[in-house]
Visitor: 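Sharing a structure here in structure tokens format.
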Amino acid sequence: MTIEAPPNSVPPRSAGLHRRRGAAAAAGSPFARLAAQPVFMCGFRPFFLATAVYGALLVLVWLVFLGTGGALPAVAGGALVWHAHELMFGFGLAALAGFVLTAVPEFTATPPFGRGVALLCVLLWGAARLAFWLSPLAGGVAGPVLAALFDTGFALVLLGLVAPRLWRDPERRQLGFLWGLAAMAAMVAGFHFDVVRGIYPMRWLLAAVGVMMTLIVVAMSRISMRIVNDALDVERARRAAGSGGRDADEDLPAYRARPPRRNLAIFAIALYTVAEFALPHSAIAGWVALAAAAAVLNLLNDWHVGRALLTRWAFMLYAVYWLLALGYGLIGLARLGLPIAASAGLHLLTVGSMGLSVFAVLCIAGRTHAGYPLDLRPWVGVAGTLIGGAALLRAAAGFPGMPAPALQLASGFAWVLAYGLAAFRLGVLFIRVRVDGGEGCEEMRAPPPAAHAPASGPLPPG
């Protein structure tokens, strides 16, 4: 573990560059001055900040509505549609945008997107949120049409930015992101098409959950390769220290996210999504949901690497897949007639799998690309546990005989506390100039040898 520079200290190179950019921006347009702020240094910064803050505020507003009956925007479809729309296309798409705007240049060995792109994208995302919230005030179809233009426009702009890089990559190994983003843009467009026509649009939001689950599998396979193998390296070092260096890695082969299992899981999830869209609430969709659960459980066989799996980050990603499998399992049982609400499984997917995977990405990719090492402080474990607990509590509300209102409120409070912690602990890093000498989106730079400290030393600030 390396010691970070104090929060208020900036290495000379980074500080000088920031001063030069600030001086240039001061003489430019208001847009240029805003884009020069550290928060727009890289695409993940404004979007990960928006994800954490909006994730907490969105559910807090929902809790006030559930607890007091307070007013919500009277969007087409009612309060439940507003809640699901903002969870998927507000919170979910913000997290997805931050991830792909940073990861796609890295995956394709292309230049990072500029500050102007980050600023324009987050302004468009914010305008889409505002247009949807205020759409009832315009009357007639004017409000829904404006909301459709901004919401769909944001999804299409995001797709247009990354599609050429993904397609032109010689090896085309990351096309899963391209198809996933295209499908998500189609879900947004389909939702608003139904709204403008006066049709209840929930089917598109449920389909968007399936698209998000496939994107989670694609993204987690990339992140897990590093996280699990890092945990295995630590375990090998521990064994070597205890055995004098003999046979330290005899039973610890490198972890591989194998494409056949991953592709089978993606196919099964996509097949269920299509089945539920075409034949909602049918037994056929139920059987396919159980097949999706089995495919995800099969995918977990790649993860069984022994003690290394129990480390913080590896176990957090492992739990994402368990929540994914359990979610589809409960949906399948509900569709086949068991006395369980399908919403129990649905919330294991959204609150659980999506909520925990987004939190993990904020903590892992957000910190390392902001110039900081992974955070080992207790709050990370507390927040991750709260998200997992929120998913289980909300799922329990779908079982017969359970106090559903109380469980829903407890689940929401756990979520708000978890993402409130994320906004407080991570948000300050996303608006701060890098302290490791980095100047863009690259991962944390290793400090000079003199700056290293023992692994058991105090945790660095930030």
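Just so it is clear, the values below take in all heavy atoms, side chains as well, and ignore hydrogens, waters and symmetry mates.
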Visitor: Could you grab the distance from atom CG of Leu324 to atom CG of Leu356, nearest 0.5 Å is fine?
Guide: 11.5 Å
Visitor: Check the pair Thr102, Phe47 against side-chain contact (heavy atoms from CB on, under 4.5 Å), reporting the backbone distance first and the verdict last.
Guide: CA-CA 10 Å; Thr102 305; Phe47 277 111; over 6 Å; no
Visitor: Only pairs under 3.5 Å count here: list side-chain donor-acceptor contacts from residues 131-151, not counting sequence neighbours, and write none if there are none.
Guide:
from: Trp133; atom 1: NE1; to: Tyr54; atom 2: OH; distance (Å): 3.1
from: Trp133; atom 1: NE1; to: Glu86; atom 2: OE1; distance (Å): 3.3
from: Ser135; atom 1: OG; to: Phe132; atom 2: O; distance (Å): 2.9
from: Asp151; atom 1: OD1; to: Arg129; atom 2: NH2; distance (Å): 3.2
from: Asp151; atom 1: OD2; to: His85; atom 2: NE2; distance (Å): 2.7
from: Asp151; atom 1: OD2; to: His192; atom 2: NE2; distance (Å): 2.8

Visitor: Between Ile269 and Gly210, which heavy-atom pair has the shortest distance, and what is it?
Guide: CG2-O, 3.7 Å
Visitor: Would you compute the distance between atom OH of Tyr419 and atom CG of Leu386 and round it to the nearest 0.5 angstrom?
Guide: 11.5 Å
Visitor: Give the ring-plane orientation class for Phe177 versus Phe99, where under 30° counts as parallel, over 60° as perpendicular and anything between as tilted.
Guide: tilted
Visitor: Distance-only criterion, 3.5 Å: show the donor-acceptor pairs between side-chain atoms of residues 302-311 and protein atoms not counting sequence neighbours.
Guide:
from: Asp302; atom 1: OD1; to: Arg258; atom 2: NH1; distance (Å): 3.0
from: Asp302; atom 1: OD1; to: Arg261; atom 2: NH1; distance (Å): 2.6
from: Asp302; atom 1: OD2; to: Arg258; atom 2: N; distance (Å): 3.3
from: Trp303; atom 1: NE1; to: Tyr255; atom 2: OH; distance (Å): 3.4
from: His304; atom 1: NE2; to: Leu300; atom 2: O; distance (Å): 3.4
from: His304; atom 1: NE2; to: Tyr318; atom 2: OH; distance (Å): 3.2
from: Thr311; atom 1: OG1; to: Ala308; atom 2: O; distance (Å): 2.8

Visitor: For Ala257 and Arg262, which heavy atoms make the closest approach, and how far apart are they?
Guide: O-NH1, 3.2 Å
Visitor: Is the Phe91 to Trp415 ring centre distance short of 6.0 Å?
Guide: yes
Visitor: Can you tell me how far CG of Leu101 sits from CG of Leu158, rounded to the nearest 0.5 angstrom?
Guide: 5.5 Å
Visitor: Please determine whether salt bridge (charged side-chain N to carboxylate O under 4.0 Å, His left out) holds for the pair Arg173 and Asp169, giving the CA-CA distance in whole Å, both sets of side-chain angles, and the decisive distance to 0.1 Å.
Guide: CA-CA 8 Å; Arg173 292 181 300 178; Asp169 182 29; 5.2 Å; no
Visitor: Would you name the heavy atoms of Arg394 and Ser343 that are closest together and state the gap between them?
Guide: NH1-OG, 4.4 Å
Visitor: Does atom CZ of Phe413 have more than 12 heavy-atom neighbours from other groups under 6.0 Å away?
Guide: no
Visitor: If you compare all heavy atoms of Gly366 against all heavy atoms of Phe430, which two are closest, and at what distance to 0.1 Å?
Guide: O-CE2, 3.6 Å
Visitor: Looking at every non-hydrogen atom in both residues, tell me the closest pair between Ser357 and Met220 and how far apart they are.
Guide: CB-CE, 4.1 Å
Visitor: What closest approach, in Å, do Thr214 and Ala270 show between heavy atoms, and which atom pair accounts for it?
Guide: CG2-N, 4.4 Å
Visitor: Quick one about Arg165 and Thr108 (side-chain donor to acceptor, distance below 3.5 Å, no hydrogens or angles considered), yes or no?
Guide: no
Visitor: As a quick check of understanding, evaluate ring pair (Phe, Tyr, Trp, His ring centres under 6.0 Å) for Phe154 and Phe89, giving each step before the final call.
Guide: CA-CA 10 Å; Phe154 171 67; Phe89 299 151; over 10 Å; no
Visitor: Quick one: pull up CZ in Phe191 and CE in Met88 and give me the separation to the nearest 0.5 Å.
Guide: 12.0 Å
Visitor: With sequence neighbours excluded, tell me which residues meet disulfide (SG to SG under 2.5 Å) with Cys363.
Guide: none
Visitor: Between Arg432 and Tyr372, do the side chains contain a donor N or O and an acceptor N or O under 3.5 Å apart?
Guide: yes
Visitor: Just checking Phe107: does its CZ atom have more than 12 heavy atoms from other residues, nucleotides or ligands closer to it than 6.0 angstrom?
Guide: yes
Visitor: Going through the distances and angles, do Glu106 and Arg222 end up as a salt bridge (charged side-chain N to carboxylate O under 4.0 Å, His left out)?
Guide: CA-CA 12 Å; Glu106 181 180 342; Arg222 272 67 174 177; over 6 Å; no
Visitor: Just verifying a value: how many Å separate Asn263 CG and Leu299 CG, rounded to the nearest 0.5 Å?
Guide: 10.0 Å
Visitor: To the nearest 0.5 Å, how far apart are CZ in Arg226 and OG1 in Thr368?
Guide: 6.0 Å
